[in-house]
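No hydrogens, no waters, no symmetry mates; every other heavy atom, side chains included, goes into these values. Nothing here was measured: the structure is a model prediction, and the numbers come from that model. Order of appearance sets the numbers: ligands from 1, and atoms from 1 within every ligand.
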Amino acid sequence: MTVLVFGQSGQVGSELARLAPDARVLSRAEADLADAQACAETIRRLRPRAVINAAAYTAVDRAETETALARVINGEAPGAMACAAREIGAVFVHISTDYVFDGSGDRPWRPEDTPTPVNAYGRTKLAGEDAVRAAGGVHAILRTSWVFSAFGQNFVKTMLRLGKSRPALSVVGDQIGGPTPAASIAGACLTIAGRLGDQPDLSGTYHYAGAPDVSWHGFASAIFAMTGQVPQVTAIPSSGYPTPAARPMNSRLDCSATEAAFGIPRPDWQVGLREVLRELGHRA
Ligand SMILES: NC(=O)c1ccc[n+]([C@@H]2O[C@H](COP(=O)([O-])OP(=O)(O)OC[C@H]3O[C@@H](n4cnc5c(N)ncnc54)[C@H](OP(=O)(O)O)[C@@H]3O)[C@@H](O)[C@H]2O)c1
């Protein structure tokens, strides 16, 4: 086996399975990240050349109260898995998030900027990043943002559902980021895994998000413009949509190091959105 993927049913995991039919893609039933040592043992037993961790505790609001479980899945398991990958000489590609940053300012975050998460999910993901680095193997931590696809739950599918039943929607207009197609993330992970095998010195932390940066309101407007749905979309401030977990206002990610190291440019989210909408049966 060459590539082992964790997170079969997720947005990115599903796209990895589609893009790399030869990869072994594990479900939660086969490898539960709540049992970090069992996941590490699975890596040692299967001996892949590359491991891609697309599994995570992604319920951002629930992580505020279920923090201990989120910490094991996002914070501890990636470290144990990265140690096992190092032991068998496999590269380890780990997906992380813009939510490790506090969202201040309006400059795109660089990989070397100091992370100070504003919610429990972000803190558990940051713990996972630290554990992967501490494992000391050949690795890439790929921070992405605002993931969407035809699989799983995401903003695009929520907007399509609400757009069917409501004549008007209020959507947050003061959080800015890069919507990122899961298919593009899957492609980037596979490219990076391949390159790290030849060039272990490229190990490090990278950013990868769709372009151009936009607000949730702008993203929602694009969804409805492409599908021909007609709800009136009004921009509201984050304060008008309180959630259990705080969200960073500025999620812009500076992805230039990823393009420089691996030749992977930011994907155009409008192209990815059109493809996802078609897959979901919209004329787009
Ligand atoms: N979604 C976003 O907007 C976003 C933004 C930035 C970064 N990210 C990061 O991108 C990566 C992929 O996200 P995604 O959107 O593809 O996630 P997703 O669709 O929510 O899928 C998460 C995957 O993790 C699996 N998982 C959860 N708990 C598990 C456990 N205890 N053991 C094994 N598997 C478990 C889920 O399996 P089950 O179906 O069995 O629960 C599912 O396959 C994650 O690292 C996430 O933190 C996501």
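- With a 4.0 Å cut-off on non-hydrogen atoms, S27 does not touch ligand 1 at all.
- Checked by distance only, ligand 1 and A54 stay at 3.5 Å or farther apart across all their nitrogen or oxygen atoms.
- Under 4.0 Å from ligand 1, not a single heavy atom of R143 appears.
- Among all heavy-atom pairs drawn from S149 and A182, the shortest one is CB-CB, 3.7 Å.
- Judged by distance alone, the side chains of E30 and S27 do bring a donor and an acceptor atom under 3.5 Å apart.
- Looking at W146 against ligand 1, only its backbone comes within 4.0 Å, counting heavy atoms.
- Test D213, T258, T180 against R266 for side-chain hydrogen bond (donor to acceptor under 3.5 Å, both in side chains) and you get one pass: D213.
- Between H207 and F101, the ring-plane angle classifies as perpendicular under the 30° and 60° cut-offs.
- The shortest N or O to N or O distance between G13 and ligand 1 is not under 3.5 Å.
- Ring geometry, W269 versus F219: the interplanar angle exceeds 60°, so the pair is classed perpendicular (tilted spans 30 to 60°).
- Atoms of ligand 1 found under 4.0 Å from any heavy atom of A34, numbered from 1 in the order shown, are 31 (N).
- Ligand 1 has no nitrogen or oxygen under 3.5 angstrom from a nitrogen or oxygen of Y57.
- Below 3.5 Å of separation, one finds no N or O of T144 facing any N or O of ligand 1.
- In terms of protein heavy-atom proximity, atom 9 (C) of ligand 1 is nearest to I95 CG2, 3.9 Å.
- Using a non-hydrogen distance threshold of 4.0 Å, A31 registers as a contact of ligand 1.
- For the ligand labelled ligand 1, residue G152 lies outside the 4.0 Å heavy-atom shell.
- Shortest contact from atom 4 (C) of ligand 1 to any protein heavy atom: V147 CG2, 3.3 Å.
- Within ligand 1, the atoms closer than 4.0 Å to a non-hydrogen atom of K125 are 44 (C), 45 (O), 46 (C), 47 (O), numbered from 1 in the order shown.
- Inspection of the S251 and D98 side chains reveals an N or O donor paired with an N or O acceptor under 3.5 Å.
- For ligand 1, the polar-atom distance check finds an N/O of R28 within less than 3.5 Å of one of the ligand's N/O atoms.
- Summarising the geometry of A84 relative to A40, their closest heavy-atom pair is CB-O, 3.4 Å, with the distance given to 0.1 Å.
- Residue A55 has no N or O atom closer than 3.5 Å to an N or O atom of ligand 1.
- Taking a cutoff of 4.0 Å between a charged side-chain nitrogen and a carboxylate oxygen, E275 and R278 do not qualify as a salt bridge.
- Closest to atom 20 (O) of ligand 1, if we only count protein heavy atoms, is T58 OG1, 2.6 Å.
- Below 4.0 Å from some heavy atom of G7 lie the following atoms of ligand 1, by number and element: 43 (O).
- When every heavy atom of N74 is checked against every heavy atom of Y57, the shortest pair comes out as OD1-N, 2.7 Å.
- Here Y121 has side-chain heavy atoms under 4.0 Å from ligand 1, and that is the only part of it that gets that close.
- Close approach to V12 involves these atoms of ligand 1, each under 4.0 Å from a residue heavy atom: 12 (C), 16 (O).
- For A182, no heavy-atom contact with ligand 1 is shorter than 4.0 Å.
- Checking only distances, T97 never comes within under 3.5 Å of ligand 1, N or O to N or O.
- For ligand 1, the polar-atom distance check against I73 finds no nitrogen or oxygen pair separated by under 3.5 Å.
- Side-chain atoms of R71 never come within 3.5 Å of backbone atoms of A127 as a donor-acceptor pair (strictly under, hydrogens ignored).
- Among protein heavy atoms, the minimum distance from atom 37 (O) of ligand 1 is reached at S9 OG, 3.2 Å.
- At a 4.0 Å cut-off, not a single heavy atom of C39 sits close enough to ligand 1 to count as contact.
- In terms of protein heavy-atom proximity, atom 21 (O) of ligand 1 is closest to G10 CA, 3.2 Å.
- Of all the heavy atoms in V51 and F6, the pair that sits closest is CG1-CE1, 3.7 Å.
- Salt bridge annotation for D61-R247: present, with a cationic side-chain nitrogen under 4.0 angstrom from a carboxylate oxygen.
- Of the N or O atoms in N53, none lie within a sub-3.5 Å distance of an N or O in ligand 1.
- Between G79 and A135, the shortest heavy-atom distance links the atoms O-CB, 4.2 Å.
- Scanning the protein heavy atoms around atom 7 (C) of ligand 1, the nearest turns out to be S96 O, 3.3 Å.
- Neither side chain, T67 nor R123, offers a donor N or O lying under 3.5 Å from an acceptor on the other.
- For A34 against D32, the heavy-atom pair with the smallest separation is N-OD1, 2.8 Å.
- Under the side-chain hydrogen bond (donor to acceptor under 3.5 Å, both in side chains) test applied with E129, the options R143, H94, H139 reduce to a single match, R143.
- Nearest protein heavy-atom contact of atom 27 (C) of ligand 1 is A56 O, 3.2 Å.
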